**Student:** 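Here you go, one structure.
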Amino acid sequence: MIKAIKVRIIPNDEQIRKLWMSAGTARFIYNWTLSRQEENYALKGTSKNGGKFISNNDLRKEITQLKKVEQFKWLNDVSNNVAKQAVKDACDAYARFFKGLANKPKFKSRKKSKPSFYNDNVKLKVKKNEVLIEKVGWLRTTEQIPMDTKLSNPRIGFDGKYWYISVGIEQECPIVKLNDESIGIDVGIKDLAICSNGMTFKNINKTKRVKKLKKTLKRMQRQCSRKYEKNKKGKEFVKTKNIKKLEKKIKLLHRKLANIRSNYSHQTTNEIVKTKPSRVVMETLNIKGMMKNKHLAKAIQEQCLYEFKRQLKYKCEFYGINFIEADMWYPSSKTCSECGHKKVKLKLSERTYVCEECGIRVDRDLNAAINLSRYKLAV
Ligand SMILES: [Zn+2]
C-alpha cells in the first residue's frame, strides 16, 4: 500500500528563490494548458481540431517551441519535469471536465492557489536528512525520508509558512486480528461523527480554541478591508506595507485552523480503526446537495467531511477493515433501529428519534449509526 508522507524542508535564501521559481512555472504552465484547451474548445465546429481535447503530448511539443521564444526563455531556468507534470495535471483536470466527471477546472491564481510543483521521482535523491530537488539542490529535511523504498509522486509545496515535500512510500500492511464488530458511522454538523458502538466525536469547530481563532480571523479580515477602503486612491486599491503584514497574518491563521482540523480528523479516524472492527459503514456523502442549504454551507465546509472519509477509508484499507459506503437511498435516519419501522417523514429539527410503533426514544444520529452498522448484513 502507498502511504503519503509530508516532510518539512529547510531551504537557504538562494534555494527559496528557486523553489518560488519552480512553483511559479508550474502555475504558469497549468494555466497556459487550461487556456489552450479552452480556446480550442471554443472553436467547436469551426476547424478540423476545434472542440476536441488536445493531447498531453501535443501540448508538450508546443511548450518546447515556446521555450525558444525570447519572452519565455525563463521557462528553461527550472526543471523540465515541472512543466511536463503541470501540463499533465491540467490535462487530467480538463479531461475529467470533458467527460462530465467534474466541474470546469479553475485557473490557479497567484494569491489563492497553493504554490506547488512536481519533482520527477527518478531524479529525486535522498540521503541522511537531505533531499535533492532538481535544479534547486540538496535541501535539509527535518525528518528522514525513507531511503530503501520506492518513492512516488513527489510534490513540493509551500503552506504559507514552511516548504514541504510530500511523497508516496510503499508500505507493507500489518496483519491485524480484527473482531467481528461492524461499526456504523453517522457524520454531520452537530457532531463530527457518532458511531454505533457509542463513540462520539464532537465538532472541533465548536471548541473554545477554534471559536477564538475564528473570531480573531474575522476581526483581522474586517480590519484589512477597512484599511483597503482607507487607502483607496480614486477607484484603485493600494496595498500598503501594513496591509501586506496583515494579509500575511491572515494567511497564517488560515493555516493554523486547517492544521487543527486535519489533526483532529487524523485523531478521530485513528481512534475508530484502533477498535479493530471487521467492517466500517458510512453513508454516501452528498456534499453538493448539503451545500445548497445556505445556512449550513459554511459549517459543512469547515467540518471537512470528505477529508474525514478519505482518511478513514485508507486507514481501513491499511488494516484490512472492510470499508463500505451505504447507498444514498438507504433510510438510515428514518428507520427505527429497535423494531425496523420506517417513518414517512423525519424533520431535520427532530433530534430524538421517537418510534410510533415500539415507542423507543433514541438520539437521532445514534439511531442512524446503528442502522448503518447493519447495512446489508445477512439476517
Ligand atoms: Zn420502533
Side-chain angles (χ1 to χ4, degrees), residues 178-207 264-265 267-297 299-300 302-313 315-316 319-379:
L178 305 172
N179 54 47
D180 51 16
E181 200 177 354
S182 168
I183 299 185
I185 303 172
D186 184 75
V187 294
I189 303 169
K190 190 175 148 268
D191 294 296
L192 169 62
I194 304 271
C195 304
S196 55
N197 64 358
M199 283 166 106
T200 302
F201 300 100
K202 59 182 192 302
N203 181 345
I204 186 83
N205 299 296
K206 288 183 180 170
T207 56
Y264 182 64
S265 187
Q267 197 187 318
T268 49
T269 48
N270 281 345
E271 269 183 58
I272 292 169
V273 295
K274 255 195 340 217
T275 66
K276 298 177 187 163
S278 47
R279 201 173 94 127
V280 163
V281 188
M282 249 183 95
E283 59 202 312
T284 303
L285 297 176
N286 175 15
I287 307 253
K288 228 175 167 177
M290 288 160 89
M291 293 290 272
K292 280 186 188 141
N293 185 331
K294 277 200 186 114
H295 302 287
L296 299 178
I300 290 164
E302 286 178 345
Q303 194 70 298
C304 312
L305 295 177
Y306 273 129
E307 182 56 14
F308 174 82
K309 188 171 139 194
R310 189 189 66 81
Q311 289 179 8
L312 190 60
K313 197 173 168 187
K315 285 174 190 179
C316 280
Y319 289 109
I321 300 165
N322 195 3
F323 181 86
I324 291 168
E325 263 179 272
D327 78 79
M328 199 114 70
W329 313 115
Y330 181 61
S332 57
S333 299
K334 285 181 186 160
T335 307
C336 170
S337 58
E338 188 65 26
C339 73
H341 169 71
K342 215 158 78 189
K343 275 185 192 288
V344 185
K345 251 193 132 171
L346 182 73
K347 275 190 251 158
L348 208 57
S349 57
E350 290 176 53
R351 297 310 312 167
T352 302
Y353 185 97
V354 183
C355 180
E356 52 275 79
E357 214 35 56
C358 71
I360 194 185
R361 298 174 66 90
V362 54
D363 174 77
R364 174 204 179 97
D365 300 329
L366 181 61
N367 182 61
I370 293 171
N371 285 324
L372 282 166
S373 75
R374 294 172 185 159
Y375 178 73
K376 282 195 179 164
L377 275 188
V379 185

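The first residue in the sequence is number 1, and the count goes up from there. These values consider heavy atoms only, across backbone and side chains, with no hydrogens, waters or symmetry-generated copies. Numbering of ligands and ligand atoms starts at 1, following listing order. The structure displayed is predicted, hence computed values, not measured ones.
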**Student:** Would the distance check show the side chain of S278 and the main-chain N or O of N179 forming a donor-acceptor pair, the cut-off being under 3.5 Å?
**Tutor:**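 Flag set: sc S278 to bb N179 pair under 3.5 Å.
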
**Student:** Quick one: do D180 and R279 make a salt bridge, cutoff under 4.0 Å?
**Tutor:**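 Salt bridge absent between D180 and R279.
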
**Student:** Any carboxylate oxygen within less than 4.0 angstrom of a Lys/Arg side-chain nitrogen, looking at R310 and E307?
**Tutor:**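 Answer for the salt bridge query: yes.
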
**Student:** Just so I know, are the side chains of I300 and I189 near enough to count as touching, which here means a heavy-atom distance under 4.5 Å?
**Tutor:**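 Yes - at least one pair of side-chain heavy atoms lies under 4.5 Å apart.
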
**Student:** Taking the Zn ion (ligand 1) as the center, what protein N, O or S atoms are found at less than 2.8 Å?
**Tutor:**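 Atoms qualifying: C336 SG, C339 SG, C355 SG, C358 SG.
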
**Student:** Quick one: is the NZ or CZ of K343 closer than 6.0 Å to the six-membered ring centre of Y353, and within 45° of its axis?
**Tutor:**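 Yes, K343 and Y353 form such a contact.
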
**Student:** Tell me if the CZ atom of R351 is crowded by more than 12 foreign heavy atoms within 6.0 Å.
**Tutor:**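 Above 12, so yes.
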
